[in-house]
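Worksheet: one structure, shown below.
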Amino acid sequence: MFKIAKRYTFADSGAITYAIFFKHLDSPEMAELVDKQLEEAEVIFVCDNEFEFVIDGIRESDPEVYKNLQKDLIAFFKRRNIPFVMLSGSIEKSFRTVEEILKKYETKKK
């Protein structure tokens, strides 16, 4: 799969989700990092919250926090007219979706 596309983003962790989660979009430095991440990504994937949360003592343990973060993330993309692909269903189905999209995207570029 990694040989197919050179640049893509899973909006799971990084500047985008960090800025939205901690409400730092008004920070010029964070806005610059978010813009850089968006410029570098050719495809943005967002994982649905269907997967089981693992309480590992590091991340937030309340699933509602992640539901709200996902809503905020999707609203952010829609406000800025940024296309993204929502991944849902089983992990296997999500992997197949990613692979199919990246193959189509690479085919368009040739």
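The structure presented is a predicted model; accordingly, all values stated were derived computationally and were not measured.
With sequence neighbours excluded, the residues forming a salt bridge (charged side-chain N to carboxylate O under 4.0 Å, His left out) with Lys36 are Glu40, listed by chain and number. Not counting sequence neighbours, the partners of Glu92 by the side chain to side chain contact (heavy atoms under 4.5 Å, CB included) test are Ser90, Arg96. For Phe76, the ring pair (Phe, Tyr, Trp, His ring centres under 6.0 Å) test picks out no residue, with sequence neighbours left out. Applying the salt bridge (charged side-chain N to carboxylate O under 4.0 Å, His left out) rule to Arg79 yields no partners; only residues at least two apart in sequence or on another chain are considered. The side chain to side chain contact (heavy atoms under 4.5 Å, CB included) test applied to Asp72 returns Ile20, Lys23, not counting sequence neighbours. Residues that satisfy the side chain to side chain contact (heavy atoms under 4.5 Å, CB included) test with Glu64, not counting sequence neighbours, are Asp62, Lys67.
When all heavy atoms of Ser88 and Lys93 are compared, the closest pair comes out as O-NZ, 3.5 Å. Ser94 and Gly89 get closest at one heavy-atom pair: OG-O, 4.1 Å.
Between Ile101 and Val43, the closest side-chain pair of non-hydrogen atoms falls below 4.5 Å. Counting heavy atoms from C-beta outward, Gln70 and Met86 have side chains that approach closer than 4.5 Å. With a 4.5 Å cut-off on side-chain heavy atoms, Val98 and Val85 do not count as touching.
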- Check against side chain to side chain contact (heavy atoms under 4.5 Å, CB included), Phe95 and Leu87: CA-CA 9 Å; Phe95 279 130; Leu87 299 175; over 6 Å; no
Exercise. Using the side chain to side chain contact (heavy atoms under 4.5 Å, CB included) rule, take Phe77 and Val46 through it: C-alpha gap first, then chi angles, then the decisive distance, then the call.
Key: CA-CA 10 Å; Phe77 289 144; Val46 177; 3.7 Å; yes
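Separation of atoms CD (Gln37) and CD1 (Ile44) is listed at 7.5 Å; rounding is to 0.5 Å. Rounded to the nearest 0.5 Å, atoms CD1 (Ile74) and CD1 (Ile82) are 13.0 Å apart.
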